[in-house]
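Proteins get letters first, then strands, A, B, ... in listed order; numbering begins at 1 in each. Keep in mind that the numbers below use all heavy atoms, side chains included, and drop hydrogens, waters and symmetry copies.
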Amino acid sequence: MTPASVLCLFFIFLVPLAAAGLTLINAGLGRSRSAAHAMLAALCVMAVAAIAYTLCGFAWQGFAGGAAYSLHAAGREWNWLAAEPLFLRGRAVDGSTASLVLLLQMLSAGLAALIPLGSGADRWRLGACCASAAVLAGWTYPLFAHWVWGGGWLARLGVDYGAGQGFLDAGGASCIQAVGGLTALSIALILGPRRGKYAIDAQPAAIPGHDAVVVLFGCFLALPGWLGLNAAGAILCTGAEPGRAVLVAMNTTLSAAAAVLATAAVTTLRFGRPDASLCANGWIGGLVASSAACAFVTPAAAAAIGLVAGLLVTFTVAYIEWPLSIDDPGGAISVHAAGGLWGVLAVGIFARSPDNVSGQWLAQLVGAATLIGFVLPLTYSLNWLLHRLYAHRVAPEGERQGLDLYELGAGAYPEFVTHNEDFTQL
Amino acid sequence: MKALGFILLLSGWAIVLAAMALLRTGLDRGVFVTAGIGVEALGLALAVRAHRPPRGESE
């Protein structure tokens, strides 16, 4: 292995920290009676996603320059799906660049599959979480990731249609974050709100997270994970030189920093004091928004991207809860879908091409339109079909009791009985 | 209304694809891509609105 490959491998090894961070945030923002379920669901989802991606996901995603299915329309080729063999047959996993891409993508698919757990918290059955993760990692994620990172039609917008350098996304703001965030929106719509969230007059009730310390520790863990994700993605998926990892790390950190400070300032102005859970969402929103542009912008631009992401997350969390009446306990829709889409558009606004190629904004706009107009209906319809076959939502009794007792048979904190009636009715 | 929302989402995307494939200049493409995103926004609003829980049902 070359020194560059070893460096990439080190960055890839950091990616599970991002998953650990998101898991802690989702668990902490949920109810204490579903905390163990949230942690186990995350572990199972990562496991299912890794297997589903290895079985068939990589065959659909492939890599740039590999075998692919193409359509011909308007005199041009539209590369829409990879044609690699299933089960990684014939693929050497030997430290080559292709095998590093495979490893990064397997972990990225798991990260994308974790995101919907935030919006489905406290009411999503464990089996349904796993089934949804298999569909996401085995089909939805690889399909879009092929278009962006596998030499698909979005990546070729620059060559075929003169739109900048084609759709750019270094660290997965679109493929990982927006795809996961839009799936989170689908799950929240299909499941409906938690019992008691919206009262008779449709006003939302506050259901605060149960452990702010866990949530904020998750934010710390997520930072090295995102540094690894963005740096590995920039090098392996967009061809950046290894030395650019320093810029990527600086931009990622500055974006998160600006986002959390913006969120703290806004919540202080609105509520008189900073809100810990919203600040955590702002921090992750800044990381998410940094992912697309981290290798193509200056540190000042990265801070501006983070600043907007912090404001965006703060206001969309409130707007989604009311008046849209979507119950998203972990803020996954605001953080990952809205933050990811903003990150994608930010490339078109702030990225500077070394060759002064114009039209990058158009490529980014087409990518964002594809996420909203194609990925959202796709992921909604697949999860709706799954829901018809195997109901996603837990029974009302399970929701009242808490998913820990109902699905796992034991609470996360048995020595701290905070819901006495729940623990004594079994 | 839910189905109409998702049909509009897909229609907006179709407008975006058609703009890229059929139009020649960046400005024309930009205008039609923006229009396609507008149709998608309308579809998203309809789809979300169709999912809003009826008053009192969540109690």
Next on the checklist: Using a 4.5 Å heavy-atom cutoff, which residues in residues 331-350 of chain A come close to chain B?
Outcome noted: none
Item to check | Residue pair B/Gly30 / A/Trp361: nearest heavy atoms and the distance that separates them | outcome: CA-CH2, 3.7 Å
Item to check | Sidechain-backbone polar pair: B/Arg29 side chain, A/Tyr161 backbone, donor-acceptor under 3.5 Å | outcome: yes
Checklist outcome for this item: The interface call for B/Arg49 against chain A, heavy-atom contacts under 4.5 Å, is neither
Item to check | Closest non-hydrogen atom pair between A/Val366 and B/Met20, with its separation | outcome: CG2-SD, 3.7 Å
Checklist entry - For chain B, which residues of residues 147-157 of chain A have at least one non-hydrogen atom nearer than 4.5 Å to it? => result A/Trp147, A/Trp153, A/Leu157
Item to check | Atom group of B/Ile37 that falls short of 4.5 Å from chain A, counting heavy atoms | outcome: side chain
Checklist entry - Just wondering, more than 12 heavy atoms not from A/Tyr69 lying within 6.0 Å of its OH? => result no
Next on the checklist: Quick check on the interface: out of B/Ile15, B/Val39, B/Thr34, B/Leu17, who has the most heavy-atom pairs with chain A under 4.5 Å?
Outcome noted: B/Leu17
Next on the checklist: What part of A/Leu362 gets within 4.5 angstrom of chain B, counting heavy atoms only: side chain, backbone, both, or neither?
Outcome noted: side chain
Next on the checklist: At a heavy-atom distance under 4.5 Å, which candidate from B/Ala45, B/Gly36, B/Gly43, B/Ala21 has the highest pair count against chain A?
Outcome noted: B/Ala21
Item to check | From CD1 (A/Ile372) to CG (B/Leu44), nearest 0.5 Å | outcome: 7.0 Å
Checklist outcome for this item: Residues of residues 376-389 of chain A with a heavy atom under 4.5 Å from any heavy atom of chain B, in residue-number order, are A/Leu376, A/Pro377, A/Tyr380
Checklist entry - Got a sec, which residues hit side chain to side chain donor-acceptor pair (under 3.5 Å) with B/Trp13, two or more places apart in sequence or on another chain? => result A/Thr370
Checklist entry - Which atom names give the shortest non-hydrogen contact between B/Val16 and A/Ala369, and what distance separates them? => result CG2-CB, 3.8 Å
